[in-house]
Amino acid sequence: MILSHKIALDPTMKQRNYFAEASGTARFVWNLALARWKELYEHGEKPNGLSLKLEFNATKYKRFPWLGSIHRDAHSQPFINLQKAFVAFFKGVAKYPRFKSKKRSRDSFYVANDKFRIDEKRIRLPIIGWVRMRESLRFVGKIIGAVVSRKCDRWSVSIHVDVGEYYRARINNGTVGIDLGLTTFATLSNNERIIAPKPLAQSLRRLRIRQRSLDRRQYGSSNREKQRHMVANTYAHVANIRNNFINYFTTHICRENQMIGVESLNIVGMMQNRRLSRSISDVAWGETLRQFNYKSGIFGCELHVANRFEPSSKRCHVCGLVKESLSL
């Protein structure tokens with residue numbers, strides 16, 4: 001099993017500048033590779049990530065001499081990522097790969113496992129040396145690689161570790177069924193009701209004020225850039241509250257139950273309803289089901305996913321009577 005531990009970094013200003021340059025390099029190479037892929041495909045050829053990488057490596061330092069100041073992992077991994085993106089697209093599980101924008105794309109770059117070293121709360125990255133981490137790596141196993149990324153103004157490193165057979169002990173062996181909803185985030189079969197914090201709904205007024213102020217700023221000005229960071233920080237705050245709640249909820253359920261029943265939901269279809277789409281995204285049903293899927297294996301739980309057409313909400317858990325209609 002491969003697990004990732006995302007750790008916040010405390011880089012110096014020089015290290016921050018290098019992170020930004022390496023992320024820009026990765027984005028530049030991705031766009032270059034995608035443009036070349038489209039060009040070859042239009043001429044009837046069948047490109048792949050390896051052939052594009054070999055073609056790029058033959059002339060990269062002559063065409064782009066500034067690449068010499070950036071570690072090679074940052075401008076070699078985009079070809080592998082592009083290959084994976086097209087494989088997912090042809091399988092029908094992802095959209096067609098798109099060009100990355102500096103303002104709308106996440107800043108990140110890859111570092112191979114043999115290019116960095118970890119020592120307690122420090123990580124040694126190529127070219128820039130040691131960088132402070134907020135906490136130590138919690139997993140023990142073979143390190144596969146790392147991705148340094150930025151969310152708003154905060155840099156972090158996600159370290160991928162092959163932990164082999166990884167299990168955590170449960171503190172109870174109960175059985176629970178979970179009905180996800182909007183008014184009540186989760187209704188459990190033991191009559192317990194879980195209320196979600198709904199951080200987006202609580203931050204809408206603040207977001208409206210800050211986005212309205214952003215719209216008044218002149219394009220290209222430093223004040224607009226500062227306001228854009230304020231809006232991004234608000235969204236990051238919302239996401240952090242939501243992720244923290246879902247992690248605690250899913251871990252609590254998996255740690256206390258040996259058998260869990262959940263329902264599969266047509267989340268993409270329900271998101272088409274403009275009256276409910278914001279509320280559905282605020283409670284993050286998809287992320288909740290994803291975490292149940294892998295945490296049940298870690299805690300040794302048996303996860304049962306009910307058919308989406310099963311009338312679980314309409315059926316009485318005592319007598320089995322199915323109601324004809326049910327309000328939201």
Side-chain angles (χ1 to χ4, degrees), residues 2-41 45-88 97-119 122-133 137 141-151 154-162:
I2 298 178
L3 298 177
S4 298
H5 186 190
K6 192 171 185 178
I7 306 173
L9 298 175
D10 283 327
T12 64
M13 186 57 65
K14 183 179 179 180
Q15 291 169 341
R16 286 175 177 270
N17 293 336
Y18 174 80
F19 289 164
E21 291 174 0
S23 300
T25 299
R27 182 174 57 249
F28 169 78
V29 174
W30 167 279
N31 292 338
L32 200 69
L34 180 56
R36 182 59 176 163
W37 185 298
K38 288 184 175 182
E39 180 183 350
L40 294 174
Y41 191 80
E45 300 183 34
K46 293 184 178 180
N48 59 73
L50 180 59
S51 63
L52 293 178
K53 180 180 177 180
L54 294 175
E55 179 184 336
F56 176 75
N57 287 344
T59 59
K60 62 180 180 181
Y61 292 119
K62 292 182 180 179
R63 297 171 57 193
F64 314 108
W66 48 269
L67 288 177
S69 61
I70 306 297
H71 192 265
R72 62 179 179 272
D73 285 347
H75 44 82
S76 64
Q77 187 66 20
F79 295 98
I80 301 175
N81 295 340
L82 184 64
Q83 177 69 33
K84 293 179 180 179
F86 271 105
V87 169
R98 297 183 297 179
F99 292 104
K100 294 186 177 181
S101 166
K102 182 177 180 180
K103 291 186 178 181
R104 292 182 173 85
S105 299
R106 187 188 69 160
D107 286 341
S108 65
F109 63 95
Y110 176 81
V111 185
N113 59 348
D114 59 334
K115 305 300 190 308
F116 67 92
R117 184 157 52 96
I118 297 175
D119 178 22
R122 299 190 304 168
I123 181 172
R124 183 179 178 85
L125 295 172
I127 296 182
I128 58 173
W130 291 102
V131 184
R132 288 182 55 194
M133 301 192 301
L137 181 63
K142 180 182 178 181
I143 296 178
I144 305 299
V147 175
V148 179
S149 61
R150 174 168 59 182
K151 190 174 184 180
R154 296 184 179 181
W155 288 97
S156 59
V157 58
S158 180
I159 304 172
H160 314 309
V161 184
D162 186 356

Heavy-atom pair of closest approach, residues H71 and I127: N-CD1, 3.3 Å
Within 6.0 Å of OH in Y41, more than 12 heavy atoms from elsewhere: no
4.5 Å side-chain heavy-atom contact, V111 and V157: no
Within-4.5 Å side-chain heavy-atom neighbours: S149 and R106: yes
Value rounded to 0.5 Å, distance of CG in L40 from CD in E55: 6.5 Å
Worked check of side chain to side chain contact (heavy atoms under 4.5 Å, CB included) between L9 and I123: CA-CA 9 Å; L9 298 175; I123 181 172; 4.2 Å; yes
Shortest non-hydrogen contact between S76 and K53, atoms and distance: CB-CE, 3.8 Å
Side-chain (N31) to main-chain (K100) donor-acceptor, under 3.5 angstrom: yes
Side-chain donor or acceptor of W30 paired with backbone N/O of R98 under 3.5 Å: yes
Audit row: I118, M133, side chain to side chain contact (heavy atoms under 4.5 Å, CB included) steps and yes/no: CA-CA 10 Å; I118 297 175; M133 301 192 301; 4.0 Å; yes
Distance (rounded to the nearest 0.5 Å) between R16 CZ and M13 CE: 6.0 Å
Non-hydrogen side-chain atoms of Q83 and W37 separated by less than 4.5 Å: yes
Side chain D119, main chain R122, donor-acceptor under 3.5 Å: no
Parallel, tilted or perpendicular, as decided by the 30° and 60° cut-offs, for the rings of F109 and F19: tilted
Sub-4.5 Å side-chain heavy-atom contact between T12 and I128: no
K142/D162 ion pair, N-O < 4.0 Å: no
Side chain proximity check, R27 to D107, heavy atoms < 4.5 angstrom: yes
Atom pair CG (N57) and NZ (K60), whose distance is rounded to the nearest 0.5 Å: 4.0 Å
W155 and V131: CA distance, side-chain angles, deciding distance, side chain to side chain contact (heavy atoms under 4.5 Å, CB included) verdict: CA-CA 11 Å; W155 288 97; V131 184; over 6 Å; no
Donor-acceptor contact below 3.5 Å, side chain Q15 vs main chain W130: yes
Heavy atoms from other residues, nucleotides or ligands near CZ of R72 exceed 12 (cutoff 6.0 Å): no
Point-to-point distance, once rounded to the nearest 0.5 Å, from CD1 of I159 to CG of L3: 13.0 Å
Closest non-hydrogen atom pair between L82 and L34, with its separation: CD2-N, 3.8 Å
Aromatic plane relationship, F56 with F79 - under 30° parallel, 30 to 60° tilted, over 60° perpendicular: tilted
Steps toward side chain to side chain contact (heavy atoms under 4.5 Å, CB included) verdict (F64, T59): CA-CA 8 Å; F64 314 108; T59 59; over 6 Å; no
Side chain to side chain, V147 and H160, heavy atoms closer than 4.5 Å: yes
Shortest non-hydrogen contact between F99 and A35, atoms and distance: CE2-N, 3.8 Å
Shortest non-hydrogen contact between S108 and S23, atoms and distance: N-OG, 3.4 Å
Closest heavy-atom pair and its distance - L67, H75: O-NE2, 3.7 Å
Nearest-0.5 Å distance that lies between atom CG in D73 and atom CD1 in I80: 9.0 Å
